[in-house]
Amino acid sequence: MNTARINRRADGKADGPWIWVNVLFLVGGPIAAAIMVPWYLMASGSHWALWATAFALWFVSGMGITVGYHRLVSHRSYDSNNAWKVFWLIAGGAAIQNSAIIWSNSHRRHHKEVDTDNDPYNAKRGFWWSHMEWVLHHDETAEDFSTVPDLTKDKVVMWQHRNYNAIWVATAILLPAALGLMIDRVWGMILIAGLLRAVLVHQGTFCINSLAHVIGTQPWSTKDTSRDSWVTSLFTFGEGYHNYHHSFAADYRNGLKWFHFDPGKWAIFCGEKMGFASGLKRTLEPVRMKKRLERLAEEYFAHLDQMDTVAQADWRTRLETTLAASEERLGAWTMRARRAAKSKDEQLHAALAEAEEHFHHAWVEFQNLGKGARLAAA
Ligand SMILES: [Zn+2]
Ligand SMILES: [Zn+2]
């Protein structure tokens, strides 16, 4: 695992020039919110409707990024009808993070070239860069849509791109102002449900690129810096299981287990039940187990370095034998699972259960051996 972090491009090229409007919004915004919100509350007092509106807008716009921008548009991890797509792309626009196609273009490059100079939010350049400095610099590839032809053909995505400015002004300023008019608190709504809310959604999303590449565990892969953390998932609408996401980006879930906090996954699941969403992609269990097996093998074989030559040779043979047996059985299970996914044939499903059980025995043996290797190395 390479954890070295440097605060510059590895290829020596210079970053694009500053985008001053982004600097003003993203650096000035949090400062303005920190000063003006307390000032407003001291001068005019609080009102429950300010906080209720801010919370509702925070939730809907943040979910717009997760359910719409990220999982529907960037990864196409499920399909939806146009009503659902329009709704979540307007909601995502309220988060003021650029149009869905620009967002997705950068995001796809992040996945494709993660942790390199071609990754717009390369986590190896340090926390601050991946968190928000990357947004402050001009990036000539951001609006080159030649690599996302599927999105340029999508009418709803292109409509949202053309009307992005109108959408965010309407949802992040005019809507709070109109609601404020009803309780005679136009400025309060603009400050709390508009500005403060937008700052919080920004910082939450930014944490997926920074914090989710720094804190947490790597149960699926150590090939990149992404990590799983339930803490990060709490304020990123479920995107904190980022190691899983980088390993299986087409999966509509980030939190795999039912109890993993992932409101994005729950919303898409409910959308399917209500007829708005379809074709939800789930990674097959044996395909997931392949990554777990590779990950554990990496861990177990690392114990060998701490052993003397004789013990090392002995443990290596035993680990290699059980690993090979596990891989072989996993192959058989995967093949049957792929066939069974497309069929309701009972015989096929019985054979699938048998293949899974076969693998399970080898898997338990491999894990026990791994624990033994760790003890022997200690
Ligand atoms: Zn990432
Ligand atoms: Zn992603």
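The structure presented is a predicted model; accordingly, all values stated were derived computationally and were not measured. For the numbers below, each heavy atom of this structure counts, side chains included, while hydrogens, waters and symmetry mates do not.
In the model, S226 has a side-chain atom that pairs as donor or acceptor with a side-chain atom of N243 under 3.5 Å. Remark: the R109 side chain and the T141 side chain contain an N/O donor-acceptor pair separated by less than 3.5 Å. Using modelled atom types, one finds a donor on one side chain and an acceptor on the other under 3.5 Å when comparing H107 with Y121. Of the N and O atoms on the side chains of R197 and S61, at least one donor lies less than 3.5 Å from an acceptor on the other residue. A donor atom on one side chain and an acceptor atom on the other are found under 3.5 Å apart for H110 and H246.
Looking at Y164 and I96, their side chains come closer than 4.5 Å, going by heavy atoms from C-beta outward.
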Please output the side-chain donor-acceptor pairs of residues 275-289 that fall under 3.5 Å, not counting sequence neighbours, one pair per line with the distance.
| unit_1 | atom_1 | unit_2 | atom_2 | d |
| --- | --- | --- | --- | --- |
| K281 | NZ | R76 | O | 2.8 |
| T283 | OG1 | D251 | OD2 | 2.8 |
| R288 | NH1 | T283 | O | 3.0 |

Q: Assess whether side chain to side chain donor-acceptor pair (under 3.5 Å) is satisfied between R185 and S44, documenting all intermediate values.
A: CA-CA 9 Å; R185 284 186 177 251; S44 307; 5.5 Å; no
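Relative ring orientation between W363 and F359 is described as parallel, the plane-to-plane angle staying below 30° on a 0-90° scale split at 30° and 60°.
Salt bridge D15/R125: present, at least one basic N to carboxylate O contact under 4.0 Å.
A pairwise comparison of heavy atoms in A172 and P176 identifies O-CG, 3.4 Å as the closest pair.
For F237 and W58, the gap between ring centers is short of 6.0 Å.
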